[in-house]
Amino acid sequence: ADSLRHKAEARGLVYGCAVKSRNLRDDAQFRAAVANEAGILVPEYELKRQFIQPEPNRYDFAAVDFILQSAARDDQKARGHTLAWYDANPAWLPNALNDSTTAAAKAKLLTEYIAFVTKRYAGRMHSWDVVNEAVEPDNGRSDGMRSQSIWYEALGEDYIPLAFHAAKQADPHALLFLNDFGVEAPIRWNDRRRKALLNLLDRLKSKDVPVEAFGIQGHLHPYRDGFDAKVFARFIHDLEGYGIKLMITELDVSDRGGPDDPQKRDADVAAVTKDFLNVALESHQTLGVLTWGLTDRYTWLSTSDKYKWPDGQLPRALPLDGILARKPMWDAISNAFDLA
Ligand code: G3I
């Protein structure tokens, strides 16, 4: 039957997923499913600085190159995740920042890395998550910025323009994203995140920072947070006002807290996927959807103390189940593309 890749392409959209290089390499069945269903890939963790630059003068691109070669072979696009993040940095970096005595020296530790990595893949990346998870309203700051970040501590909010300009200069063709989570649900802490992000976008746009797109991660927790199409549609509408592209960059739907019957959870997951994507794909600025993984077999949720099932059963959070069979969520994504 048809694939999510073709369903998306038929509507001028793209569908794809995050992959781990070891799964592509070692699991032929999984590799075939990815080749069939995905039109774009993103390395789930291998393109984070912790893995790319383990030592100040040692870079390791092997895993990312493997993923990009696999994508090229299957005529898939690729996107980069992520250049400036508070997490997944190598242990030597905070010390190097602290030892740098001038703002210029600190800035170079960000911009030279971005220039080097982005230039290496110039022309091969559909897009980059240049800055990931920049806000954290629960930090108590009136501007809602995530101040507990090595980049914010070193450079203040200026790290964001520095990152975007460095990426733009290194690969003018890649679409540059600001990427974040917790903007999808009708709850107070999502309200605060949405507000902080819109205020940040106002400041960046007023300084002509090349933020060309916004990534809505889409880690949904329907049983914990619920979903309200009107609230989410208002945020999409607010984002559209910046004239930027939109993308769902990390969709998965945690079934923790759901009923014992897995079939019931599958139906609930499919229902919220349908409602969520119908809103997201209604915007003509939305480019497409990536799920954070393709199959429950490899979801990061199993490794998360907060979201894994205590009895060790697989989270039912992605389009394919643990034996790579399509679930109701697959149908919900497929139908959402048909309606787009
Ligand atoms: O495989 C290596 C192992 O060889 C090494 O010895 C070990 C040393 O720490 O790391 C292992 O890699 C782990 C990797 O996942 C692959 O399993 C890392 O420890 C672990 O930190 C990493 O977690 C990733 C996490 O981001 C932090 O980078 C998850 O896979 C990934 O799903 C998760 O993805 C994030 C997005 O980047 C941002 N949005 C939220 C999303 C979910 O948390």
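Both ligands and their constituent atoms are indexed starting at 1 by order of listing.
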Would [X] count as a cation-pi partner of [Y], with NZ or CZ less than 6.0 Å from the six-membered ring centre and within 45° of the ring normal?
| X | Y | answer |
| --- | --- | --- |
| Arg120 | Tyr59 | no |
| Arg256 | Tyr223 | no |
| Arg297 | Phe30 | no |

Quick one: which ligand 1 atoms are inside 4.0 Å of a heavy atom on [X]?
| X | answer |
| --- | --- |
| His219 | 39 (N), 40 (C), 41 (C) |
| Trp300 | 32 (O), 42 (C), 43 (O) |
| Trp85 | 28 (O), 37 (O) |
| Glu133 | 38 (C), 39 (N), 40 (C) |

Would one find an N or O of [X], backbone or side chain, under 3.5 Å from an N or O of ligand 1?
| X | result |
| --- | --- |
| His81 | yes |
| Lys48 | yes |
| Lys20 | no |
| Gln217 | yes |
| Asp87 | no |

Nearest protein heavy atom to [atom], by residue and atom, and its distance?
| atom | result |
| --- | --- |
| atom 8 (C) of ligand 1 | Gln50 NE2, 4.7 Å |
| atom 2 (C) of ligand 1 | Arg22 NH2, 4.0 Å |
| atom 40 (C) of ligand 1 | Glu250 OE1, 3.4 Å |
| atom 31 (C) of ligand 1 | Glu44 OE2, 3.5 Å |
| atom 13 (C) of ligand 1 | Phe51 CZ, 4.3 Å |

Under 4.0 Å, heavy atoms only, figure out whether ligand 1 is touched by the backbone of Asn132, its side chain, both or neither.
side chain

What part of Phe181, side chain, backbone, both or neither, has a heavy atom within less than 4.0 angstrom of ligand 1?
neither

Report, as yes or no, whether the 6.0 Å neighbourhood of atom NZ on Lys308 holds more than 12 heavy atoms from other residues, nucleotides or ligands.
yes

Would you say Asp311 has more than 12 foreign heavy atoms packed within less than 6.0 Å of its CG?
yes

Is any side-chain heavy atom of [Y] closer than 4.5 Å to one of [X]?
| X | Y | answer |
| --- | --- | --- |
| Thr82 | Glu133 | no |
| Leu281 | Val289 | yes |
| Arg234 | Arg194 | no |

Please indicate, with yes or no, if any protein heavy atom is found under 4.0 Å from [atom]?
| atom | value |
| --- | --- |
| atom 26 (O) of ligand 1 | yes |
| atom 19 (O) of ligand 1 | no |
| atom 38 (C) of ligand 1 | yes |
| atom 6 (O) of ligand 1 | no |
| atom 23 (O) of ligand 1 | no |
| atom 33 (C) of ligand 1 | yes |

Taking all atoms of both residues into account, what is the closest heavy-atom pair of Gly293 and Leu318, and its distance?
O-CD2, 3.3 Å

Give a yes or no answer on whether the side chain of [X] reaches the backbone of [Y] with a donor-acceptor pair at less than 3.5 Å.
| X | Y | answer |
| --- | --- | --- |
| Asp255 | Ala317 | no |
| Asp74 | Gln76 | no |
| Thr111 | Ala107 | yes |

Check the orientation of Trp85 and His81. Use parallel for under 30°, tilted for 30 to 60°, and perpendicular for over 60°.
tilted

